[in-house]
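To find a chain, count down the sequence lines: A is the first, B the second, and so on, and within it residues start at 1.
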Amino acid sequence: MSIKENINKIDENIWEIPSSYKKQMKVPARLYLNEEGIENLEEGAIEQVTNVACLPGIQKFSLGLPDIHFGYGFPIGGVGAFNMNNGVVSPGGVGFDINCGVRMIRSNLSEDDLKPYITELTEKLFKNIPSGVGSKGKIKLLPKEIDEVLNKGAEWAVNNGYGWKEDLKFLEENGRIKNADSEVVSDKAKKRGIPQLGSLGSGNHFLEVQKVDEIYNEKAAKIFKLKKGTITIMVHSGSRGCGHQVCSDYLRKMDKAYKKYKLNIPDRQLACAPLDSEEAQDYLKAMYAAANYAWANRQMIVHWVRETFEDVLGKSAKDMGMTTVYDVAHNIAKEETHIVNKNGMKLNLLVHRKGATRAFGPGRSEVPEDYREIGQPVLIPGTMGTSSYVLHGTEIAMENTFGSTAHGAGRILSRSKAKKEFSADEIKENLLSKGIQVKANSDPVLAEEAPGAYKNVDQVVKTSDKLGIAKLVAKVTPLIVTKG
DNA sequence: ATGTTC
């Protein structure tokens, strides 16, 4: 019997795999996908979302979002929320690139304002924002400073001259998540992090200069201060080798911990520890430290973007209105209060979002005051050369997905398959014909990141919008792309 | 995603 025969349609774009599917399942799995998404869903991802449903202390549902695909242990595009009292934390539920995320900056510039400078701007952005595998930042961080970066995040960056204090107001966790502790980050992770701070990385990480192409919701756009035709900048990056090392270090520790605490898990890649254990607490502190590193990283990149615009256009970043729209983490686990039962009682949960974006609705204290009336901005990056989207969080997301939605396009071709299928030259030509400047360190990376290697992001956000787990606000299209 | 197989 095909696995898919166990998927029951609950409602338009909502599917459920009952907890009877696997003996160990504690809750059902829920998939938020359109028909096409269900048809194309890999069996491996179905196994993974149902495996997560077997973990101790999981609440309500193991969730798969519109961009769900196969990952390490947990699916990417997955959410698992665990009771703080009897639940677990699993590094596989956060991912290797801890606090991979997206930051968006707005401006008062138009496409015409940029036109005379487009080539120079492309070259200088590429030069000033280091990118590529193993790329190094252009600052020399002292070894003792890394602890401060890990503990203070974007606040460290602002205190050291990177960007503006008011930026912090518009970052998830204000760019500094509490309970981070560099003491439990290995020397190896610090050593990898020191030279890489202030670099973009590789793969699907990018820096884009975009224009606001379409507004779907005038009221929300006004609240987010996004105007049709204006230029925006998007940074998609994470915690580099530092976060990767933290994940590796703690996967090894968790592999021992789940045996020590006699946790019955269906897949070793779901290695985890009870939240009240020392192993879990140390991982959380280290993971938060890596998250802070990523917020500092994006803060520095934005600072150099502003400097580059100032250099090329000869105006100040303030005069160009280059303020922060928002910054979201899409690989993180956080303690949050949610209503789980019909009795309306609030519970403290550890919500793992892996390749999932927080989409908190109106009124939540975590949403910046300026946006609280409409809900938080949800930034969903597209693939190179395609559109990216701004949505807003909703009450429906709070009720159904622990305040979460998708995080991007989702890969459909493996890197190796994409390299065989596409050539860098044809991609560059294709983008240029659409008026998009692209500059990358490596041709293979361009082929790996070909738009054809990814699920259509338009479908992903459309499904989210239809479901109401984040509603469309604006579409932005790229003018300049730089990547690893 | 990643010093792309410590």
Rounded distance (Å) that lies between atom [atom2] of [N] and atom [atom1] of [X]:
X: A:Leu251; N: B:dC6; atom1: CG; atom2: P; answer: 15 Å
X: A:Asn441; N: B:dT2; atom1: CG; atom2: P; answer: 12 Å
X: A:Tyr250; N: B:dT2; atom1: OH; atom2: P; answer: 21 Å
X: A:Arg415; N: B:dT5; atom1: CZ; atom2: P; answer: 11 Å
X: A:Lys419; N: B:dT4; atom1: NZ; atom2: C1'; answer: 8 Å
X: A:Gln245; N: B:dT2; atom1: CD; atom2: P; answer: 13 Å
X: A:Phe96; N: B:dT2; atom1: CZ; atom2: P; answer: 12 Å
X: A:Asn99; N: B:dT2; atom1: CG; atom2: P; answer: 13 Å

* **A:Tyr371 ring center near A:Phe170 ring center (under 6.0 Å)** => yes

* Under 6.0 Å between the ring centres of A:His407 and A:His236? ->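 Judged by ring-centre distance (under 6.0 Å), A:His407 and A:His236 do not meet the cut-off.
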
* Comparing A:Glu449 and A:Val133 on DNA chain B - which has the more 5′ nearest nucleotide ->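 Going by which nucleotide is closer to the 5' end, it is A:Glu449.
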
* Structure fact -> OG of A:Ser239 to CG of A:Leu197, rounded to nearest 0.5 Å, is 11.0 Å

* Is it true that A:Asp282 and A:Lys253 make a salt bridge, defined as a side-chain N closer than 4.0 Å to a carboxylate O? -> no

By the 4.0 Å heavy-atom rule, please label [X] as base, sugar-phosphate, or nothing.
X: A:Gly203; result: sugar-phosphate
X: A:Glu448; result: nothing
X: A:Ser239; result: nothing
X: A:Lys354; result: nothing

* To do: Output yes when at least one side-chain N/O atom of A:Arg240 is less than 4.0 Å from OP1 or OP2 of B:dT2, else no.
  =>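 Yes, because at least one side-chain N or O of A:Arg240 sits under 4.0 Å from OP1 or OP2 of B:dT2.
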
* Asked: If you draw the axis of the six-membered ring of A:Phe126, does the NZ or CZ of A:Lys439 fall within 45° of it and under 6.0 Å from the ring centre?
  ->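 Because its charged atom sits under 6.0 Å from the ring centre and within 45° of the axis, A:Lys439 does stack over A:Phe126.
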
